[in-house]
Every structure is written in structure tokens, then in C-alpha cells.
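Down below is the structure, laid out as C-alpha cells.
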Amino acid sequence: MSDEIEDYLNWKLAGRIDRRDFLKLGVSAAGIALVAACGGSNTVGPTGPTGPEFKLGVVLPYSGVYAELGNSITNGMRMYFDSVGNQAGNRKITVVTADEQVALADAVAATKKVVEQDGVDMVAGYVSSPNAAGNRNYLDGLKMPTLIANAGVNSLSRAAKSPFIYRTSFSNWQPSHPMGTYVAEKLGKKKIQLVYAKYGAGLEAVAAFKETFTGSGGTIVGPDVATPFPNNGDQTPFVQAIQTDKIDGIYCFMSGTDAVTFLKKAAELGTLKKLGLVSGAGFFVEQDVLAAITDAAPDGAITGLHWALPLANKENQDFVSKYSKKFSGRQADVFAVQGFDTARVIVEALNAVKGNTTNKDAFMTAIAGVSFKSPRGDFKFDATTNNVVQTIYVRKTVKDPKLGWTNQVIDQYPGVADPGK
Amino acid sequence: MDVLNLAHGSFYMIGAYTAYTVVMATQNFWLALLVAPVLLAVIGAALEMVFFRRLYRHGHLPQVLMTFGFTLVFVDLIRSRFGPTTRAIPPPPGLGGAVHLATATFSSYSLFVLGIAIVIGALLVIGWRLTRLGVVLRAGVSDKEMAGLLGIDLPRTFTFTFAFGAALAGLAGVIAAPEFAIYPGMDANVLILALVVVVIGGLGSIEGALLGAAVIGLGYVIGSTLFPQFAIGLIFALMAAVLIIRPSGLLGRRS
């Protein structure tokens with residue numbers, strides 16, 4: 001509990017109050033936060049009996065707007081590590097967590113803490129792209145084996161890729177790129193307006209969609225609807241900027257709270273019903289959003305993502321039911337899958353090098369060579385981009401009699417790899 | 001009262017979570033509209049009598065520290081009870097649709113919020129200007145000692161006022177719940193906007209707060225539509241401009 005308070009205080013100072021401070025509160029409280037920042041981490045999982053310890057530093061947000069994602073990814077990791085007895089390659093795996101929070105300064109501090117203070121052998125995590133990109137040079141310089149478990153910024157698979165940093169989640173390009181083709185060709189919708197939260201992920205996602213959509217004969221109807229990120233205000237003007245009478249549908253990138261408030265407002269104003277097609281990157285209607293908005297959900301929305309709750313493969317069915325059992329009824333989500341796969345990559349690579357991680361190049365080669373059947377389908381790394389190669393599923397938002405609102409898989413694009421060189 | 005209460009955002013958040021709890025349990029939004037203000041009035045009165053009362057004499061900084069401390073306690077209590085997940089409740093039956101006026105479309109719930117705000121704003125101004133309680137409060141704010149000498153029971157008046165303020169914040173949280181999302185951190189977002197509104201309007205002026213709210217509300221929506229990345233910046237630019245021209249706010253008393 002006290003850790004959470006410290007973390008929250010840090011977040012408040014870094015993300016909110018510092019920037020908007022007019023009560024001169026920042027200075028006095030920053031002193032408290034500095035003292036408090038020395039805590040804020042703890043170890044997860046039971047200790048195993050064998051071998052020298054392998055320390056994994058997990059840098060994920062446990063406070064602030066992305067706390068839910070951090071918790072899900074950590075749960076996924078814990079579930080896989082527990083399933084192999086928290087050991088691999090004759091080494092006991094110990095997880096040291098640190099709070100990524102929201103702002104880059106905190107994520108840098110968290111990374112340095114696990115690396116310099118805890119002396120970890122490897123780092124995994126990063127939910128937000130600026131935080132992953134902002135720690136890139138530090139980790140690369142140290143030749144620290146690193147797995148990115150969420151942050152999707154394209155450049156980490158392109159200009160800023162590192163031989164020591166692999167990504168198990170997605171690049172922003174991946175879920176949206178096949179959707180352009182799908183919307184224009186398979187659905188025959190040729191006039192689309194873009195709607196997105198105006199920040200890195202939103203811009204990269206709609207750019208990837210636009211590329212294939214216009215390439216398949218589609219037309220983007222302007223002007224784009226770009227919302228602040230995050231949008232704590234009224235969504236009405238943005239919903240009303242959708243030109244329902246001139247378009248066949250929208251392609252949208254929003255997630256979490258923004259998606260919740262936007263979809264609710266669009267349902268209230270009757271905009272969703274007037275649209276021939278609601279499409280987007282899958283985060284727009286992922287389980288967290290659907291659970292919040294329930295019957296304001298956009299029935300029949302077509303979205304692209306690397307996972308879906310009802311995915312029929314055996315690994316996923318197994319994962320979803322065990323996850324729910326292990327975490328007292330919590331529904332699995334795409335972030336938990338990413339955590340689960342991240343842990344599996346670590347375990348399989350450790351087994352491949354028989355626990356010897358002193359030769360970092362050999363360890364990275366082992367990581368690059370890991371491939372397996374994940375809950376999301378076939379998982380492997382791309383040797384060119386160090387990014388995961390995966391199936392992108394085309395999903396339709398439906399109300400399932402058993403699962404409630406969810407996304408049914410209706411088509412798929414296997415082996416989607418980021419085009420980085 | 002001259003109290004700077006940063007926990008006011010927390011009261012708003014607790015109001016929203018109360019709405020969520022009540023609506024999930026009973027499906028009745030109107031019940032939440034009654035329950036939350038009562039609950040918050042009790043919380044507010046208790047906090048005032050046990051904690052804040054001791055700070056009136058010590059000026060604003062100790063008040064800021066203690067009430068900021070309470071925001072941390074409240075947000076962690078909320079997070080430990082409800083988790084970090086974003087939640088939402090639907091608008092009450094009958095207000096879930098849209099209304100077409102001339103060429104514009106409004107959500108009926110937004111219009112309902114507008115109506116409630118006008119009613120509450122009008123009641124506040126009338127109460128402040130024309131009722132006995134309003135006179136007592138104004139007297140208490142402008143000269144505590146003199147008001148006390150005239151036989152006004154200031155501690156009781158302040159407790160009542162604080163509880164009433166907390167109840168209003170709780171009511172605002174309930175009203176905001178179907179309009180926005182409910183999540184830990186919603187307190188900080190609204191608190192900052194509210195403080196800007198009060199500073200622009202002028203401390204201690206209800207009409208000023210109304211005017212400030214109109215300026216900030218329009219500024220934020222227009223700003224976020226035209227320059228999505230600069231919406232917050234625009235608000236602070238507005239505040240800076242107002243403070244340069246009128247250091248005590250639009251309708252604040254010149255000191």
C-alpha cells in the first residue's frame with residue numbers, strides 16, 4: 001500500500017502537478033518524492049531451489065493511466081514463470097519490478113534502478129512508446145538484453161532498432177496495415193474518415209491504414225478527426241466532426257478511457273448507427289473498453305489486432321481459462337498475452353543457452369531463434385526488425401451469449417512483419 | 001471560509017464511484033443522485049471537524065499539504081477497492097439519445113447537465129446574496145472575529161458549509177459519471193480545471209466562478225478542436241492573460 005502511495009505521488013508530480021503547477025506545491029513535495037522514490041519495487045513469485053539466480057528487471061506502469069496494462073502484463077508473465085516453476089536453464093528466475101509510471105523521467109529512473117541497484121541480467125516491459133524509446137540508448141549502450149512487452153512505436157523496429165532489444169508485442173504499423181486492404185477490398189468500403197488520438201501511436205496506426213487503403217482504391221475523406229491525448233474533456237465536438245453523410249465509415253485509433261468516452265458519446269448522438277462501418281485498430285474495442293461501455297458498444301465494428309478473446313486455438317482456450325482461474329475471475333486481455341509470451345521467450349532462450357548469459361551475443365541469438373505456438377497463434381521474431389512476426393486477426397464486435405461483448409475472429413492475415421529494413 | 005481544499009477533486013471522484021456502485025446494484029441513477037451528496041456531506045463534515053478545522057488559523061500552505069495528502073489517501077482507497085480499470089455507466093433511461101435543435105445535434109444527457117448546472121448555479125447565487133445563511137457566510141469570510149463577536153456560531157456554520165461544498169462536489173461526480181469515464185485520476189483532471197476556473201473568476205466570488213467556468217469550458221473545447229495538442233496549454237495561456245490584466249481575477253475583489 002505504501003509503495004502505491006509513493007508511486008502515485010511520483011506520478012502526480014511528474015505527470016500532472018509539475019507541468020501545471022501554480023500552487024508552488026511541486027518543490028516541497030518533490031523532496032518527499034525523492035525520499036520516497038527509493039522504495040517502489042518488490043519481488044514477485046516464489047523462489048526456486050536450483051542454480052544461480054537469473055534476475056529479470058520488469059519496468060511497467062503500476063500507477064497512473066496505464067496501471068491496468070502494467071498489471072495485466074505482469075500477471076501474464078507471472079503465469080508463465082509459475083508454469084515452469086520459475087526456473088530455466090538451471091537458473092532460478094527472480095523478477096524485480098519497478099514502476100514505469102507515465103512520464104519518461106520516471107521510466108528512466110525505474111530502468112536505472114533495476115539495472116544499477118538491483119543488477120538485473122535482463123530487462124523487460126515498457127508500456128508507453130516514449131518511455132521505451134527514451135530508454136533505448138541506455139539499454140543499447142549497456143548491451144542489456146531487453147524485451148519490449150507493449151510499446152508499439154515503429155522506430156524501435158526501424159531506425160532505432162538495437163541488436164539487444166527485441167519486441168514481443170507489436171509495432172503500431174502491424175494491426176492497421178492489413179486493415180486498409182481488408183476495408184477497401186473485402187468490405188468494399190471506399191470512403192473512410194480517419195479518427196484518432198493525436199499522439200505517436202494514433203498517427204502511426206492511421207498512416208499504416210491509409211497506405212494500404214488508398215493503395216487499394218480507397219479515398220480518405222478529410223479533414224481527419226484528431227482528439228487531444230488524453231482527452232479529459234467533452235468528446236461531442238469530435239464525434240460531430242464525423243461527416244456521416246459523406247463517408248462509408250471511419251477508421252479509428254483510440255484506446256482505454258478515450259475510447260470509452262468517445263464510443264459512449266457517439267452512441268448517444270446516434271452517430272454509430274449512421275455509419276456503414278466502424279473500423280479501427282483493435283484497441284478501440286478491446287475487452288477493457290467493451291467491459292466499460294457494455295451496450296453502447298459499436299455492434300459489428302471491424303477491427304484488426306494480434307489477438308482476440310474467443311480465438312479458438314488450443315493454446316488460447318487454455319490460457320484464457322487458466323488466467324481467469326489464477327487471477328480470481330479476471331478476464332484475460334491482449335496485454336496479458338503479451339506478458340505471457342515475453343516470459344516464454346525468456347524461459348526458452350535461457351534453456352537454449354543452458355543458463356549461460358555471460359556471452360550476450362549468444363543469448364541474443366537464442367532469443368532471436370525462439371518460436372512457439374502462442375495464445376495469439378504462431379510466434380516468431382523477424383531477423384531484420386527484431387520485432388515479432390504474427391497473425392493479424394480481423395475481428396467483428398458482437399454480443400456473445402457466453403462471453404458478453406467481445407470480438408469474434410472473421411478473417412486473418414498470417415505472418416505480418418513490420419516493413420523495417 | 002478562505003480554505004484551499006485540494007481534496008475537492010476527491011469528493012467529485014467519490015461521487016462518481018458512488019454513482020457507479022449504486023447504478024450497478026440498483027440500476028437507478030436517480031437514487032445515486034440522492035445517495036452521493038448525503039454520503040459526501042457526512043465525509044465532508046467529518047473531515048472538517050476532525051482535521052481541517054485546526055488549519056484555518058495557519059494560512060494556505062498547511063491546508064494545501066493536508067488536503068493534498070487526503071487526495072492521495074482517497075485515490076488509493078478507490079484504487080484498492082475498484083482497481084485501476086476505467087468504468088462507465090449509461091445515462092439514465094430517457095436521456096440516452098440525441099436532440100436535434102436547428103442544424104445542431106446535442107446528446108440529451110448533455111442538455112440535462114446544462115439544465116442542472118444552471119439551476120444549481122442560480123440557487124447558489126440566490127443563497128449567497130439573499131439568504132440569512134449567505135449573509136452569515138459572507139460576514140464570516142470577510143471578518144471572522146467580528147462575525148464571532150456578533151454572536152454567529154462560526155464553527156457550526158463552517159462545518160455546514162464545508163459539508164455542503166462536499167455534497168455539491170459529490171453531486172457533480174454523479175452527474176459527470178455518465179458523461180465521462182470513471183477512473184482513479186479523474187479527481188486530478190477536474191481539480192486542475194476547477195482551480196483554473198476559480199483563479200480566473202476571482203477567489204471568493206460565485207459569479208466569478210460561473211464566468212470563469214464559461215471561459216474555460218469554451219476555451220477548452222474550442223482549443224481542443226482546433227489544436228488538439230495545445231488544449232491544456234491554451235487554458236493556462238488564458239489564465240496567464242487574465243492574471244496579467246486583472247491580478248485578482250475577472251470578478252475578484254481588488255486587495
Side-chain angles (χ1 to χ4, degrees), chain A residues 1 4-5 8-9 11-12 15-17 19-20 22-25 28-29 62-71 197-199 226-241 256-261 263-265 267-271 288-289 291-296 330, chain B residues 4 6 60-61 64-65 68 71-73 75-76 79-80 83-91 95-98 100 104-110 178-186 188-193 195-196 199 217 220-225 227-232 235-236 239 243:
Chain A
M1 191 72 181
E4 273 184 37
I5 293 174
Y8 180 73
L9 183 61
W11 167 68
K12 279 266 210 196
R16 304 279 163 177
I17 304 289
R19 224 183 315 135
R20 303 164 180 178
F22 51 92
L23 287 167
K24 295 178 181 158
L25 189 66
S28 57
Y62 299 108
S63 61
V65 288
Y66 298 121
E68 181 79 354
L69 280 63
N71 287 337
K198 195 167 182 186
Y199 72 115
T227 71
F229 172 79
N231 185 7
N232 299 323
D234 191 0
Q235 296 277 21
T236 307
F238 304 107
V239 172
Q240 292 188 333
T257 309
D258 284 348
V260 169
T261 53
L263 282 168
K264 275 185 67 188
K265 196 46 89 178
E268 275 173 47
L269 292 168
T271 310
D288 57 326
V289 177
I293 61 177
T294 57
D295 285 344
R330 257 179 81 120
Chain B
L4 194 49
L6 295 187
H60 284 158
L61 264 184
V64 166
L65 269 185
F68 183 69
T71 67
L72 302 182
V73 172
V75 83
D76 267 355
R79 194 181 301 135
S80 65
T85 322
T86 299
R87 320 228 170 215
I89 56 173
L95 291 174
H100 304 276
T105 306
F106 300 93
S107 84
S108 357
Y109 190 76
S110 299
E179 183 77 2
F180 302 116
I182 306 165
Y183 54 97
M186 64 186 293
N189 293 329
V190 78
L191 179 73
I192 287 161
L193 288 177
L195 284 172
V196 174
V199 169
Y220 189 60
V221 170
I222 292 171
S224 62
T225 314
F227 332 96
Q229 283 151 320
F230 193 61
I232 292 282
I235 285 178
F236 286 95
M239 184 174 82
L243 289 184

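Sequence lines set the chain letters: A, B, ... in the order given, protein chains first and strands last, and positions in each chain run from 1. The analysis underlying the following values was restricted to heavy atoms, covering all of them including side chains, and did not include hydrogens, waters or symmetry mates. Quantities reported herein were computed from a predicted structural model and do not represent experimental measurements.
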So what's closer than 4.5 Å to chain B heavy atoms on A/A296: side chain, backbone, both or neither?
-> neither

Mind checking side-chain contact (heavy atoms from CB on, under 4.5 Å) for B/S107 and listing every partner two or more places apart, or none if nothing turns up?
-> A/K265, A/E268, A/L269, B/Y109, B/S110

Can you tell which part of A/N71 gets under 4.5 Å to a heavy atom of chain B, answering side chain, backbone, both or neither?
-> side chain

Picking from B/P91, B/P84, B/P178, which has the most non-hydrogen pairs under 4.5 angstrom with chain A?
-> B/P84

Ranking A/A241, A/G270, A/A197, A/A226 by heavy-atom pairs under 4.5 Å to chain B gives rank one to A/A226

Taking it one step at a time, do A/E68 and B/T86 satisfy side chain to side chain contact (heavy atoms under 4.5 Å, CB included)?
-> CA-CA 9 Å; A/E68 181 79 354; B/T86 299; over 6 Å; no

Tell me, side chain or backbone of A/T257 under 4.5 Å from chain B's heavy atoms, or both, or neither?
-> both

Pair count under 4.5 Å, heavy atoms only, with chain A: among B/L95, B/I235, B/T225, highest is B/T225

Option in B/G223, B/G217, B/G97, B/S108 with maximal non-hydrogen atom pairs under 4.5 Å from chain A | B/G97

Can you say whether B/F180 sits under 4.5 Å from chain A via the side chain, the backbone, both, or neither, judging by heavy atoms?
-> both

Does the side chain of B/S224 reach to within under 4.5 Å of the side chain of A/F238, using non-hydrogen atoms?
-> yes

Residues passing the salt bridge (charged side-chain N to carboxylate O under 4.0 Å, His left out) test with A/K264, sequence neighbours excluded, are none

Is chain A contacted by the side chain of B/I182, its backbone, both, or neither, given a heavy-atom distance below 4.5 Å?
-> neither

Residue B/F106 versus chain A: region with a heavy atom under 4.5 Å | backbone

In Å and rounded to the nearest 0.5 Å, what is the OG1 to CD distance from A/T261 to B/E179?
-> 9.5 Å

